[in-house]
**Student:** 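Quick one: structure below, then a few questions.
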Amino acid sequence: MKASIITLGCKVNEYESQSIMRQLQDEGYEIAEGLVYADVYVVNTCAVTNEGERKSRQVLAKLGKLNPNAKIVVCGCAVQNNPSKFLVNENVIALTGNYGKHDIMSFIHRQNKILPDLEHQKYIDMARPIETRARQYIKIQDGCDYFCTYCIIPYLRGRSRSRDLEDILDEIRNTQAKEIVLTGINMSDYKIDGKLALKTLVKRVDELNKRFRISSIECMVLDDEMIEILKNCKNFCPHFHLSLQSACNATLKRMNRRYTIEEFKDIVAKIKVNFPSACISTDIIVGFKGETEQEFADTKTNLREIEFSTMHIFPYSERSGTNACRLDGAVDKATQKLREKELQVLNKEFKDKFISTNLGTKHTVLIEEVDENFSLGYTDNYIYTYVEGKHSVGEIVTVELVSPYLQGVIGKIKE
């Protein structure tokens, strides 16, 4: 029997899908990923936006064409949010939502179609993931207590729960990957014995002498002490993904974000002083409820002042059940698209400048793929690099960045 995993959405889903693959393999399944022929499919869905849910449902239709007799198991946020929309597909034999991912086989055996309750009290351990990539995700935390007004994820993932520190470290010690990425739903809320402890975790991870990244954190975690800790880490990759969402204080307040744009600017300025070559990326939502022309203008002005390395830009997607649904001032789709287009132009300026300032510098690159012309991967500061010559996937090489090329730069090997 062959089983294939289809993963939509975030890095946490990627980690959990690799754990599901381990569970299936232990049951004797031949395992694969993606839209390939299989007897059983597990679809790990996303619901962060309406588009994410739509794509999750579309996958099921595609699977029916690959194998009309396939058995489909659906898990993740989209089914947690709208289970009935997946049960209409006659090939769906089981659904788990988010809770059941750690015990997927029991749901398959029972052909469970009743959504289980979310876990709110404790972190649920999962089977160690199968390593299918050069860069390995390590999940440290689940759930979120922040309840930003636009976000549905706390309702679909449950309250914040943290993984045991020694279990995290043990998984890192035993991974074959030369680079790991710490990930979670709200990593900034990582705790040990009920106390915030991301600083402790980072210091302990660095001691393992394995190159590591932090996937996404709230800006307020980066106080002077945290910046100094990261600066002193031997193995930290200087890439900071700080989810801003808006660069206007009035909008941030309606979003229930926990900082002002002035505080955010101050933190970014400190990062740039201490990590001159760092990639600083962010997420921006355009067209949030009540976003006026002036508020959008303020966002553009402040973004120009911050000057990120790159931005991920999304039009606001209203999610039923969130507090934003009760807000007035919906921004029409046409205006959202225009604002998104404006920020994409700005984003290209940022990306081009970031690449330009890194030309002529040396960086290490983790090779993740090899094609007929190049070995491909990201520098430590997250620039996509086309490395000249053939190298092994998983190898870390030192290159000089010499010229822009396609989505990144050409890198020449340096000893």
**Student:** For Lys210 and Val205, indicate whether the former's side chain and the latter's backbone hold a donor-acceptor pair under 3.5 Å.
**Tutor:**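 Answer holds: no.
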**Student:** Closer than 4.0 angstrom, basic N to acidic O: yes or no for Arg304 and Glu349?
**Tutor:**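 Looking at Arg304 and Glu349, the cut-off is met.
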**Student:** Counting N and O atoms only, with roles assigned by atom type, does the side chain of Ser215 sit under 3.5 Å from a partner on the main chain of Leu182, one being a donor and the other an acceptor?
**Tutor:**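 Yes, the answer is positive, given that a donor and an acceptor are paired below the 3.5 Å cut-off.
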**Student:** Between Asp167 and Arg128, does any side-chain N to carboxylate O distance fall below 4.0 Å?
**Tutor:** yes
**Student:** Give a yes or no on whether Gln121 atom CD has more than 12 heavy-atom contacts from other residues, nucleotides or ligands under 6.0 Å away.
**Tutor:**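 No - once you tally the heavy atoms of other residues, nucleotides and ligands closer than 6.0 Å, there are 12 at most.
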**Student:** With sequence neighbours excluded, what pairs up with Tyr382 under the ring-ring contact (aromatic ring centres under 6.0 Å, His included) test?
**Tutor:**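 Here the qualifying residues are His239, Tyr378.
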**Student:** Can you find a side-chain donor-acceptor pair between Glu295 and Thr251 that sits under 3.5 Å?
**Tutor:**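 There is such a pair between these side chains.
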**Student:** Sequence neighbours left out, what pairs pass side-chain hydrogen bond (donor to acceptor under 3.5 Å, both in side chains) with at least one residue falling in residues 72-88?
**Tutor:**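 Every pair satisfying side-chain hydrogen bond (donor to acceptor under 3.5 Å, both in side chains) with a residue in residues 72-88: Glu53-Asn81, Glu53-Asn82.
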**Student:** Between Asp283 (side chain only) and Ser243 (backbone N and O only), is there a donor and an acceptor less than 3.5 Å apart?
**Tutor:** no
**Student:** Quiz question: by atom type and distance under 3.5 Å, do the side chains of Ser317 and Glu51 form a donor-acceptor pair?
**Tutor:** no
**Student:** Using a 4.5 Å cut-off on heavy atoms from C-beta on, say whether the side chain of Arg211 contacts that of Cys237.
**Tutor:** yes
**Student:** Do Thr7 and Glu33 meet the criterion of a side-chain donor-acceptor pair at a distance under 3.5 Å?
**Tutor:** no
**Student:** So, Asp189 and Ser160: side-chain donor and acceptor under 3.5 Å apart, yes or no?
**Tutor:**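 There is such a pair between these side chains.
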**Student:** Could you list the donor-acceptor pairs under 3.5 angstrom formed by side chains in residues 221-230, with sequence neighbours left out?
**Tutor:**
residue : atom : partner : partner atom : Å
Asp223  : OD1  : Lys199  : NZ           : 3.3
Asp223  : OD1  : Glu225  : N            : 3.3
Asp223  : OD1  : Met226  : N            : 2.8
Asp223  : OD2  : Lys199  : NZ           : 2.8
Asp224  : OD1  : Lys270  : NZ           : 2.9
Glu225  : OE1  : Lys199  : NZ           : 2.9

**Student:** Do Asn256 and Asn323 get their side chains close enough for a donor-acceptor pair, meaning under 3.5 Å?
**Tutor:**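 Judged by distance alone, the side chains do not pair up.
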**Student:** Measure from the side-chain N and O atoms of Asp206 to the backbone N and O of Asn235, and report whether any donor-acceptor pair falls under 3.5 Å.
**Tutor:** yes
**Student:** Hey, are Lys289 and Glu318 close enough for a salt bridge, meaning a charged N less than 4.0 Å from a carboxylate O?
**Tutor:** yes
**Student:** Any Lys/Arg nitrogen of Glu395 or Lys390 sitting under 4.0 Å from an Asp/Glu carboxylate oxygen of the other?
**Tutor:**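 Not counted as a salt bridge, because no side-chain N and carboxylate O are separated by less than 4.0 Å.
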**Student:** If you measure from the Lys or Arg side-chain nitrogens to the Asp or Glu carboxylate oxygens, is any gap between Glu179 and Arg135 under 4.0 Å?
**Tutor:**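 Between Arg135 and Glu179 there is a salt bridge, with a charged N closer than 4.0 Å to a carboxylate O.
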**Student:** If only side-chain N and O atoms count, and only distance matters, is there a donor-acceptor pair under 3.5 Å linking Asn13 with Lys101?
**Tutor:** yes
**Student:** Tell me which pairs pass ring pair (Phe, Tyr, Trp, His ring centres under 6.0 Å) where either residue lies in residues 114-147, with sequence neighbours left out.
**Tutor:** Phe147-Tyr155
**Student:** Is the backbone N or O of Ile104 less than 3.5 Å from a side-chain atom of Gln23, with the two atoms forming a donor-acceptor pair by type?
**Tutor:** yes
**Student:** With a 4.0 Å cut-off, would you call Lys353 and Glu307 a salt bridge?
**Tutor:**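 Yes, charged N to carboxylate O under 4.0 Å.
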**Student:** Under a 3.5 Å distance rule, please check whether Asn91 uses its side chain to pair with a backbone N or O of Ile72 as donor and acceptor.
**Tutor:**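 Not confirmed, Asn91 side chain does not pair with Ile72 backbone.
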**Student:** Are more than 12 heavy atoms, taken from residues, nucleotides or ligands other than Leu406, located less than 6.0 Å from that residue's CG atom?
**Tutor:** yes
**Student:** Suppose the criterion is ring pair (Phe, Tyr, Trp, His ring centres under 6.0 Å): which pairs have a residue in residues 168-218, not counting sequence neighbours?
**Tutor:** Phe212-Phe236
**Student:** For the backbone of Ile280 and the side chain of Ser309, can you confirm whether one donor and one acceptor N or O come within less than 3.5 Å of each other?
**Tutor:**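 Looks like yes, one N/O pair under 3.5 Å.
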**Student:** Does a side-chain N-to-carboxylate-O contact under 4.0 Å join Glu342 and Arg339?
**Tutor:** no
**Student:** Holding to side-chain contact (heavy atoms from CB on, under 4.5 Å), I want the full list of residues that pass it with Ala324, two or more places apart in sequence or in another chain.
**Tutor:** Thr149, Phe288, Tyr316, Thr322, Leu327
**Student:** Give a yes or no answer on whether the side chain of Arg22 reaches the backbone of Met126 with a donor-acceptor pair at less than 3.5 Å.
**Tutor:** no
**Student:** Between Asn249 and Glu262, does any side-chain donor sit less than 3.5 Å from a side-chain acceptor?
**Tutor:**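 A pair is found: one side chain offers a donor N or O, the other an acceptor, under 3.5 Å apart.
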**Student:** Using distance alone, with no hydrogens and no angle criterion, decide if Asp298 and Asn302 have a side-chain donor and acceptor under 3.5 Å apart.
**Tutor:**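 No.
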**Student:** Answer yes or no: is there a donor N or O on one side and an acceptor on the other, between the side chain of Thr183 and the main chain of Lys139, under 3.5 Å?
**Tutor:**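 No, the answer is negative, given that no donor and acceptor are paired below the 3.5 Å cut-off.
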